[in-house]
Amino acid sequence: MEPQILGYNNNGNCISDSDIITWFEDVSKNAGSVQTQTLCKVLKQNCGVEYLKKWLGDYNISEMDASALESLFTSVVPLASHKDFEPYIRNIADGDTAPILTQQPITTLSLSSGTTEGKQKLVPFTRHSAQTTLQTFTLAAAYRSRVYPTREGGRILEFIYSSNQFKTKGGLTVGTATTHYYASEEFKTKQEKTKAFTCSPYEVISGGDYKQSTYCHLLLGLFFSDHVEFISSAFVYGIVQAFCTFEEVWKDLCNDIRDGTLSSRIKLPKMREAVLGIITSNPSLASKLEATCLELEDVDWFGLVPKLWPNAKFVCSIMTGSMQPYLKKLRHYTNGVPLISGDYGSTESWIGVNVDPSLAPEKVTFAVVPTFSYFEFIPLYYRQKQGCSSVADHDFMEEEPIPLSQVKDGQQYEIVLTTFTGLYRCRLGDVVEVAGFHNGSPKLNFICRRKLILTVNIDKNTERDLQIVVEKGSQLLNKAKAELVDFTSYADVSNQPGCYVIFWEIKGEAEDKVLEACCREMDAAFVDHGYVVARKTSSIGPLMLCIVERGTFKKILDYFVENGAGLGQFKTPRCTNNPVLLKILSECTIQTFRSTAYI
């Protein structure tokens, strides 16, 4: 039932929205059996690879039926983490062409951002990776068009970025997954067949300098302002970052549109040539934009999006998890323009699609697409539960993994992936909650990353817990007419008792007494029983709030970009023990406050 070329028929013509929705409705009704067939397809395609031989080498996989193969696979192949695959991927990167993880040769590797654990991971990238990306975007667009129809031939203002690629010792190309996708035939096909083109040419997307690319994205978005149907980026951080840049450079942008020129800040020759080949002098548009910007400047850029892009139907981007804190700023810019959360995936695999685009980002769920990979789910519990195994990573109690067909509404799980690209029963590290079903396929609500946990001893606070606490503290900041720009944290156990340290970058001025109150409010707002008990008994010390200078989090962004991450995949780590980041944060701290809660 899977399209031969995902999203397109045998003649290369674009499958209609109704056709691809019908396809998904069918596979989601039979999600359990489709998953069994998906696993069977993965294993038969990769029968005999080195990684699987030790467990499946004595079995005649090609003759087994799908159900028997699923039962065998989940009983004899152990759960794994990415660390278990690293030696195999390293051999592939070094030029070993034997069938190590897949029967098909792997010529490309994706690089994760490294923002979660402070270390970038290499993940195999194949044609299947690009095809599922295309199918995800096509399927999500079909559901969006039911609620927010767009004009054929319109433009998309996409803040998208490729990172620099490099070659391994064995000659494999390495870059971010988005970099590979933007360079693929699937990305070109998506634009040509749907007749919806990004404002920026490939030379801007692939420039490798996010500051120059952002300026050109903004310039071309303004040049095509009346034709922009919607605005998007991989993560909402990219959109907010771009609009913050716009506040600083709008006069230069207007001058470039007036004169048909390009600022000298754009130094990359191919980017300059491509942009100058598109824009022409337009004094009337420049004057109109200039007048609008002067008005917007007086209201702190409130409603920037509908004022500058009056035909934009919505803003679409990943807005869950660590992106949620940017929604307040984005809503300031959009003033009622609908926000649609993008789809759910990882460097390893796409997972689910937003089939309810009218839902607010805070309420979004993702319907699992059962053809993308084989998914298992490890039940997780916060408290001791009879029959559970030992604590994993000192955060959750867990039970044995179950297939997609057995998940329960309201239960939290960690996702396990078996992919077409050579990962077998690999723990993803994402905690999700089942929030209903789309036919027979579960709809997932992203909760947090397992590794992103604040803990000193018996306490356990997730990324979501931290976000709730920071939101309560920042409400006091807002009353003082200041604004929280960004934040992160870490558990300082270098001294006893250990304590939580939260770093804030703020815009505007706030008196010390306000910041002291913010610090106290956050400390008191953690509701985890272990934390409350430990604070009352002084086995965890008072929370510390550190105010960092303006631009600190851009330094963190620059650090990750300089080390191979793309702006399009960057996520500010909400909890970190990365020594380089902590050094940046420490050096940039200008004020420190200690909580007086629990005194």
#### Entry: Within-4.5 Å side-chain heavy-atom neighbours: Y490 and L585
no
### Query
Is there a side chain to side chain contact (heavy atoms under 4.5 Å, CB included) between L444 and Y413 once you walk through the steps?
CA-CA 10 Å; L444 306 179; Y413 301 92; over 6 Å; no
### Task
May I ask you to say whether E471 pairs ionically with K328, meaning some side-chain N is under 4.0 Å from a carboxylate O?
no
### Message
Can you confirm if the NZ or CZ of R535 lies within 45° of the ring axis of F526 and under 6.0 Å from the centre of its six-membered ring?
### Response
no
### Carboxylate-amine/guanidinium contact D486 R574, below 4.0 Å
yes
### Task
Inspect the contact between R331 and E362 and indicate whether a charged nitrogen and a carboxylate oxygen are less than 4.0 angstrom apart.
yes
### Task
Answer whether the closest heavy-atom distance between the side chains of L581 and T488 falls below 4.5 Å.
no
#### Entry: Exam field: side chain D84 to backbone S81, donor-acceptor pair closer than 3.5 Å
yes
### Message
I'd like to know if K583 pairs up with E587 as an ion pair, taking the criterion as any Lys NZ or Arg NE/NH1/NH2 lying under 4.0 Å from an Asp or Glu carboxylate oxygen.
### Response
yes
#### Entry: Interatomic spacing from SG in C518 to CG in L476 - rounded to 0.5 Å
5.0 Å
### Query
For the atom pair CD (E463) and CG (L466), what is the distance rounded to the nearest 0.5 Å?
8.0 Å
### Task
Examine distances only and state if a side-chain atom of S317 and a backbone atom of S233 form a donor-acceptor pair shorter than 3.5 Å.
yes
### Query
Side chains of Y210 and D558: donor-acceptor distance under 3.5 Å anywhere?
yes
### Query
Are E483 and K329 close enough, and set up right, to give a salt bridge (Lys or Arg N to Asp or Glu O under 4.0 Å), and what steps lead you there?
CA-CA 9 Å; E483 175 187 334; K329 186 67 172 179; 3.2 Å; yes
### Query
Does some side-chain heavy atom of F366 sit less than 4.5 Å from a side-chain heavy atom of S341?
yes
### Query
Can K554 and E505 be counted as an ion pair, charged N to O under 4.0 angstrom?
no
